[in-house]
Novice: 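Supplied in C-alpha cells, the structure appears directly below.
Ligands are counted one by one from 1 in listed order, and the atoms in each one are counted from 1 as well.
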Amino acid sequence: MSQLFTNVKELPPDPLFGLKARYVQDKRLDKVDLGIGAYRDNNGKPWILPAVKKAESKLVNSPDYNHEYLSISGFEPFFTSAAKVLLGEDSPVVSNNGRIVSQQSLSGTGALHLAGAFLKRFYTGNGPNPTIYLSQPTWANHKQVFESLGLIVKYYPYWNNDTKSLNLQGFLNTIKEAKEGSIFLLHACAHNPTGLDPTQNQWDQILKELDKKKHFIIFDSAYQGFASGDLEKDAYPIRKAINDQLITQTPIIICQSFAKNVGMYGERVGAIHVILPQEDPAFARAIKSQLNLIIRCEISNPPAYGSKIVSTILHDPELYKQWKEDLKTMSSRIIKMRQTLRKKLESLGTPGTWNHITDQTGMFSFTGLTPSQVERLEKKHGVYLVSSGRASVAGLNDGNVNKVANAIDEVVRNTDSSKL
Ligand code: LMR
C-alpha cells in the first residue's frame, strides 16, 4: 500500500505531547510533571476556575441554552468582548468596525494558523514569499505552524544564555537589518519558553524600531493575566502599539488564547483580531470575508461551548470580578513556587545561580538545565520537563518542590553543567 505514496515517514512524537505520554506511562508514585503548560493547584490537580464553574451553571440553566451552529465568525458577544480584554474598554479601536476585524479561532494555535494562512495568501509587504521572524527560542509549535503554511521562518535573538537576560541589542539589530515589511511574531507577555519579558522601556524601543521599518507585527497573547495577575499590565505592548499608536504604518494581528487564563485548555477558545492603522471599513469587511472563507473551508464554524462560557464571564460584572481574583490565585501560587524552588536550591548550595527562577514570569522557567541533565531528571528522578530546560512552574506544589530541588541538585552535581 505504501508504494502508492511518497515519503510518508513516521515522525518522532511531538516534543510536548510526547513528554506528556511518557509521564502518563511512568509508574513511579512520586513522579512530577513540569512539562506542558497547564495550571495545577497545590495538590497537583487540574483547577476549574470558580468563575468558570459559576458561568457554566449560569449558561446551562439559561432558557436560551442550545447547541446550534455559531456563525462562521464565531460567537459575536465573545469575540467583541475578547477584544476589549486585550485593548481595554475605552480603546479607540474596539468599537470602530473600520479598524478592527475580530473572529473566533480554535484557541491560540488556530488564530496563528489563520494569521499565517491569510498572510501567505495576501501579504506582499516583503515580497512574494512572506518571511516571519520568531524569537530564538520560541514555543515549539510556532515554526511548524508557519512553515506548514509556506511562510519563510527566520529568527531574532532573544535569550542571552550567559546572562540569562534579554539580548535587546541583538533583537534591535535584527529588526533594523530585516527587509522592510517583514513579519515579526512577538509574545505579548510571559514569553514561552523563557519566562523573560522585555521591560516597558525595552518594549517601547522594540516597537519604535519595528514601526520605522514598517514591519508587520503578530502578537501571540496566550498568557494575559498570568504573568502579573493583572490583565492591564500584561497587555502593555499591545496597548502601547495600538492605543498609544507606537505602530502607525502597518496593520497588526493579535492571536488570543483563553486556554490558560480561563483554564479551559481542551475547549479551544480563542480569537484573531486584525487591527488597521487607519479606518478603512471596506478593507475591514474584505478581510473579514476572506478570514470567513478560510474558516468555512477548514472547520465550517467554530465550537460554541467554551466561547459561550468565556462570554458569560466577560459580560457578568460579578463573574468578571471573580475571574480577576482567579487570575491572582493562579499567578501568585506560581510566584510563590518560584520563590520556594529558588530558596531550596540556594540552601542546598546547588552549583550555579538561581535568581533567574524568580526573575522570570508567567507559567515557565527556563532553568538553564542542559538536555542531558533534563534526561537524567526524567530517568533517575521521574521529574519531567522539556529538553530545552523549560519547566512549567505550575506543576510545582508544597508536596513536590523539595523533591524537585533535590533532584535538580543531584543532576547538576553529577552531569555536565557547562550551561549553568
Ligand atoms: C505549552 O507550551 O506547554 C502549551 O502551550 C501547550 C502546547 O500546546 O504546546
Novice: Filter the ligand 1-protein atom pairs down to N or O on both sides and distance under 3.5 Å, then list them.
Specialist:
| from | atom 1 | to | atom 2 | distance (Å) |
| --- | --- | --- | --- | --- |
| ligand 1 | 2 (O) | Trp139 | NE1 | 3.1 |
| ligand 1 | 2 (O) | Asn192 | ND2 | 3.0 |
| ligand 1 | 2 (O) | Arg390 | NH1 | 2.9 |
| ligand 1 | 3 (O) | Gly37 | N | 2.8 |
| ligand 1 | 3 (O) | Arg390 | NH2 | 2.8 |
| ligand 1 | 5 (O) | Trp139 | NE1 | 3.4 |
| ligand 1 | 5 (O) | Lys260 | NZ | 3.0 |
| ligand 1 | 9 (O) | Trp139 | NE1 | 3.0 |

Novice: Could you check whether atom OH of Tyr65 has more than 12 heavy atoms from other residues, nucleotides or ligands sitting under 6.0 Å from it?
Specialist: yes
Novice: Excluding sequence neighbours, so at least two apart, what forms side chain to side chain donor-acceptor pair (under 3.5 Å) with Asp162?
Specialist: none
Novice: Give the table of side-chain donor-acceptor pairs shorter than 3.5 Å for residues 224-237, with sequence neighbours excluded, one pair per line with atom names and distance.
Specialist:
| from | atom 1 | to | atom 2 | distance (Å) |
| --- | --- | --- | --- | --- |
| Gln224 | NE2 | Val85 | O | 2.9 |
| Gln224 | NE2 | Leu231 | O | 3.0 |
| Ser228 | OG | Asp230 | N | 3.0 |
| Ser228 | OG | Asp230 | O | 3.3 |
| Ser228 | OG | Asp234 | OD1 | 2.8 |
| Asp230 | OD1 | Glu232 | N | 2.8 |
| Asp230 | OD1 | Lys233 | N | 3.3 |
| Asp234 | OD1 | Ser228 | N | 3.3 |
| Asp234 | OD2 | Gly225 | N | 2.8 |
| Asp234 | OD2 | Phe226 | N | 3.3 |
| Asp234 | OD2 | Ala227 | N | 3.1 |
| Asp234 | OD2 | Ser228 | N | 3.3 |
| Tyr236 | OH | Asp204 | OD1 | 2.7 |
| Tyr236 | OH | Asp204 | OD2 | 3.3 |

Novice: Ring centroid separation for His191 and Tyr158, is it under 6.0 angstrom?
Specialist: yes
Novice: What do you reckon, is CZ of Arg296 surrounded by more than 12 foreign heavy atoms closer than 6.0 Å?
Specialist: no
Novice: Any salt bridge (charged side-chain N to carboxylate O under 4.0 Å, His left out) pairs touching residues 28-41, not counting sequence neighbours?
Specialist: Asp26-Arg28, Asp30-Lys403
